[in-house]
Amino acid sequence: MDKMNDQSAEENRQLTEKEQKELLAKYDPEARTREYKGIMNWIVFIGLVAFSVFQIYAAITQSIPRQTLLSIHLGFALTLVFLLFPAIKKPKQKKNKLPWYDALLALMSIWVGSYYPLNEERIVNTIGTITPMDFWTGLFAILLVLEATRRAVGLPITVIASLFLAYAYFGQYMPGFLRHRGLDLENLVNTMFISSEGIFGTPLYVSATFIFLFLLFGAFLVKTGIGQYFNDLAVAFAGKRVGGPAKVAIFSSALQGTISGSSVANVVTSGSFTIPMMKRLGYRKEFAGGVEAAASTGGQLMPPIMGAAAFLMVEFIGGVTYWEIAKAATIPALLYFAGIWIITHFEAKRIGLTGLPDKDIPKKSVVLKKIYLLTPIIAVVFLLLDGNSIIRAALYSIVITILVSLIRKDTRINIKKFIEGLADGAQTALSVAVATACAGLIVGVVTRTGLGLKLANGLVDLSGGILLLTLFFTMIAAIILGMGSPTTANYVITATIAAPALILLDVPPLAAHLFVFYFGIVADITPPVALAAFAAAGVSGGEPIRTGVNAAKLAIGAFIIPYMFVLSPQLLLIDTNAVEISISVITALAGMTAIGAAVIGYWYRPVHPVERLLAAAAGLMLVYPEGITDILGAVLFIALLVLQFVWKRNDPKKVQTVQA
């Protein structure tokens, strides 16, 4: 008995910091870095701090020409990636030693990063021509970007970018509508390196301006201990509810997404706290992991600071501000988390789970004493709402974070923490920088060859011009491209190729781009390659694929909500009023409730299989934004609700715990 108790205690304990790092390294390429000691540790640390200092200087002065800024940004990122990320992950690899070939690649990266600033005047004056040195430097730059992306981000996006480059070169051999004249190596290198259409295009520009500063903002938030505060706040306000730990996971992960742009990182950090709590209360391993994976993935959808791809959206759509995007994404994000909350509530009711015991819940009065830690996040909202630029809002928010941290000793950012924050922010930005540079290669090919319009027209032709079919094909493409790829790169590809197909069918641009954005993120919890779910399984000890299935089931709203806001743009606050918004939200919530009951098989009592089918039908009709379907769905919803009370089953055998 003691042995069983010890085993149970071992399974339900929280992960140590070392175990979290190991788990991150297993599922997240961004965490697979060398661990230097001595002089190399200082060289890398100083390089990271210098990267942040340069970016802050560029943001404050805004005096550095665009191409020069991007070139130096890329040079820093490539150099540090080759210093930090090993070429091959070997079990016996020496993590504190830099191989000669990586030292050589780092030196080449410095040359590539400094090439444009050193030759800017000549390049600008002789635009359209390319010297042998331009050609070889550009060719090496392309290869360095591909290799750095493979190391820091993963193989999928590297393969996709390579295929696009091959398409640009071998275009004359392509079949049918994909055929084009093809680019020789000189023109290809000129487009990808010298011009502003390739590596130094919009994706890298967004990384060098908006994204870097907000990642730095997130690093300073971590230094104040705000991540742990989110957990405390969630436990204090949700811990006593039915199935408390699951709702804590949802609440804290929604907040945690504000400071983490990675689903996997969010799972490991907040999941190491919430998953053991869920298991102790009685949730199955796979369900506990699924809750955390679904909630953590949704963190990138939650305003005010969404995933890094949201900053790209500002540039890709054009004519909209970041605040307009964040405002439009608010209702869909709330519906997403409401859906997870409803399903976990029904699961907790089905298996008879209660909330956390009083001893595990901090007093609200104690938690509220640190409510000031939310000031920087609230400040971001007001700064954006007041019309400040994204760059200015990020800079002010960093300053506010530092000032707010000084209030209490346990949150205070001293000089040491400040410098560490600079280094942490820069290291977080490395994978984003190389991913956006790699995505720039794809955009350059699409722009130069006209591939985007060709594929958009092809997608519309394949669907016969039927919007729902086009949406379905776009969803599949976004999920496949998102499997193993970072959200930023996935969004760039789908925004370039798939979103234009939706716009051709008169879908509002904002709705089209948010549609592909959603499904690129959902790929993290969609089997068979569901990195966030696999990381959650690593924490819970559950089976990875089953954890992924549970996560996808819990996040079923994410597979429905994008269709809702495309068919009913009122959910994005487009051309609407308060009455229309209220009706859309109420029917959507009712629909999510019915769908949740159908998924779990429990409402106020166990749901009969026929009732589950009817509940699913009622839910889909309610979430579909049409007057007649809303009426039919509401009638069926009310009828089912009445049945739940009138035909309440009192037989204890029918209320038994069932393994889903």
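Values below: every heavy atom of this structure, side chains too, minus hydrogens, waters and symmetry copies.
- A distance of 8.0 Å separates CD in Gln55 from CD1 in Ile64, rounded to the nearest 0.5 Å.
- Across all non-hydrogen atoms, the minimal contact from Ala328 to Leu510 is CB-CD2, 3.6 Å.
- Side chain of Tyr116 to main chain of Leu69: no donor-acceptor pair is present (N/O by atom type, distance under 3.5 Å, no hydrogens or angles).
- Phe534 has its side chain out of reach of Thr547: every pair of non-hydrogen atoms, C-beta onward, lies at least 4.5 Å apart.
- Taken to the nearest 0.5 Å, the CD1 atom of Ile211 stands 4.5 Å off from the CG atom of Leu312.
- For the pair Arg66 and Tyr205, the cation-pi criterion (under 6.0 Å, within 45° of the ring axis) is fulfilled.
- Remark: side-chain polar atoms of Arg412 are not paired, donor with acceptor, to backbone N or O of Ser405 under 3.5 angstrom.
- Counting heavy atoms from C-beta on, the side chains of Pro332 and Leu572 come closer than 4.5 Å.
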_Show, in sequence, the C-alpha distance, side-chain angles and deciding distance for Phe82 and Met108, and conclude whether the side chain to side chain contact (heavy atoms under 4.5 Å, CB included) test is met._
CA-CA 10 Å; Phe82 288 119; Met108 291 173 64; over 6 Å; no

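- Minimum interatomic distance between Pro376 and Ile400 (heavy atoms only, all atoms of both residues): CA-CG2, 4.1 Å.
- The main-chain N or O of Asn388 is never found under 3.5 Å from a side-chain atom of Asp386 such that the two would form a donor-acceptor pair.
- Arg150 and Glu147 are joined by a salt bridge, as a carboxylate oxygen and a charged side-chain nitrogen come within less than 4.0 angstrom of each other.
- Evaluated for a ring pair (Phe, Tyr, Trp, His ring centres under 6.0 Å) with Phe311, the options Phe316, Tyr491, Phe517, Phe214 yield exactly one hit, Phe214.
- Counting only distance, with no hydrogens or angles, the side chain of Thr158 and the backbone of Gly154 share a donor-acceptor pair below 3.5 Å.
- Using a 4.5 Å heavy-atom threshold, the side chains of Val443 and Val492 count as touching.
- In this structure, Thr149 contributes its side chain and Val434 its backbone to a donor-acceptor pair below 3.5 Å.
- Look at Asp232 and Lys370 and you find no salt bridge, because none of the NZ, NE, NH1 or NH2 atoms lies under 4.0 Å from a carboxylate O.
- The main-chain N or O of Leu221 is found under 3.5 Å from a side-chain atom of Thr224 such that the two form a donor-acceptor pair.
- Under the 3.5 Å distance criterion, the side-chain polar atoms of Ser71 are matched with a main-chain donor or acceptor of Gly113.
- Within 6.0 Å of CD1 on Ile371 lie more than 12 heavy atoms contributed by other residues, nucleotides or ligands.
- A salt bridge is defined here as a Lys NZ or Arg NE, NH1 or NH2 lying under 4.0 Å from an Asp or Glu carboxylate O, and Arg34 with Asp102 meets this definition.
- Atom CG of residue Leu368 and atom NZ of residue Lys363 lie 13.0 Å apart, to the nearest 0.5 angstrom.
- Between Leu204 and Leu74, the closest heavy-atom pair is CD2-CB, 4.2 Å.
- Separating the CG atom in Leu430 from the CG atom in Leu215 is a distance of 10.0 Å, to the nearest 0.5 Å.
- Between Glu120 and Thr68, the side chains place a donor N or O and an acceptor N or O closer than 3.5 Å (distance only, hydrogens not considered).
- Looking only at distances, a side-chain donor or acceptor of Thr411 sits under 3.5 Å from a matching main-chain atom of Arg408.
- Across Thr79 and Ser109, no two heavy atoms sit closer than the pair OG1-CB, 3.4 Å.
- Between Cys438 and Val153 there is no side-chain heavy-atom pair separated by less than 4.5 Å.
- Residue Ile413 comes nearest to Phe418 through the heavy atom pair CG2-N, 3.6 Å, listed as atom of the first residue, atom of the second, then distance.
- Listed here is the closest heavy atom pair of Ile275 and Ser540: CG2-CB, 3.5 Å.
- Remark: side-chain polar atoms of Tyr36 are paired, donor with acceptor, to backbone N or O of Leu83 under 3.5 angstrom.
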*asked:* Under the criterion side chain to side chain contact (heavy atoms under 4.5 Å, CB included), I'd like the reasoning laid out for Leu383 against Arg392: C-alpha separation, chi angles, the key distance, then a yes or no.
replied: CA-CA 8 Å; Leu383 287 166; Arg392 187 177 299 172; over 6 Å; no

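- Val44 has its side chain out of reach of Gln427: every pair of non-hydrogen atoms, C-beta onward, lies at least 4.5 Å apart.
- Taking the six-membered ring where the residue is Trp, the centroids of Trp111 and Tyr115 are separated by under 6.0 Å.
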*Can Val381 and Trp323 be said to form a side chain to side chain contact (heavy atoms under 4.5 Å, CB included), step by step?*
CA-CA 8 Å; Val381 177; Trp323 173 247; 3.6 Å; yes

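- Between Asp524 and Gln300, some side-chain heavy-atom pair lies under the 4.5 Å cut-off.
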*Can you check salt bridge (Lys or Arg N to Asp or Glu O under 4.0 Å) on Asp424 and Lys223, steps first, answer last?*
CA-CA 10 Å; Asp424 291 347; Lys223 287 298 177 184; 3.5 Å; yes

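- Residues Val522 and Thr297 form no side-chain contact, since every pair of their non-hydrogen atoms from C-beta on lies 4.5 Å or further apart.
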*Can you check side chain to side chain contact (heavy atoms under 4.5 Å, CB included) on Leu216 and Ile56, steps first, answer last?*
CA-CA 10 Å; Leu216 195 59; Ile56 293 172; 3.7 Å; yes

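- Taken from CG in Leu144 to CG in Leu78, the straight-line distance is 6.0 Å, to the nearest 0.5 Å.
- Ser52 contributes no side-chain N or O that, together with a main-chain N or O of Val49, makes up a donor-acceptor pair within less than 3.5 Å.
- For the atom pair CG of Leu146 and CG of Leu155, the computed distance is 11.0 Å after rounding to the nearest 0.5 Å.
- Aromatic ring centres of Phe212 and Phe51 lie closer together than 6.0 Å.
- No side-chain heavy atom of Pro86 sits under 4.5 Å from any side-chain heavy atom of Arg151.
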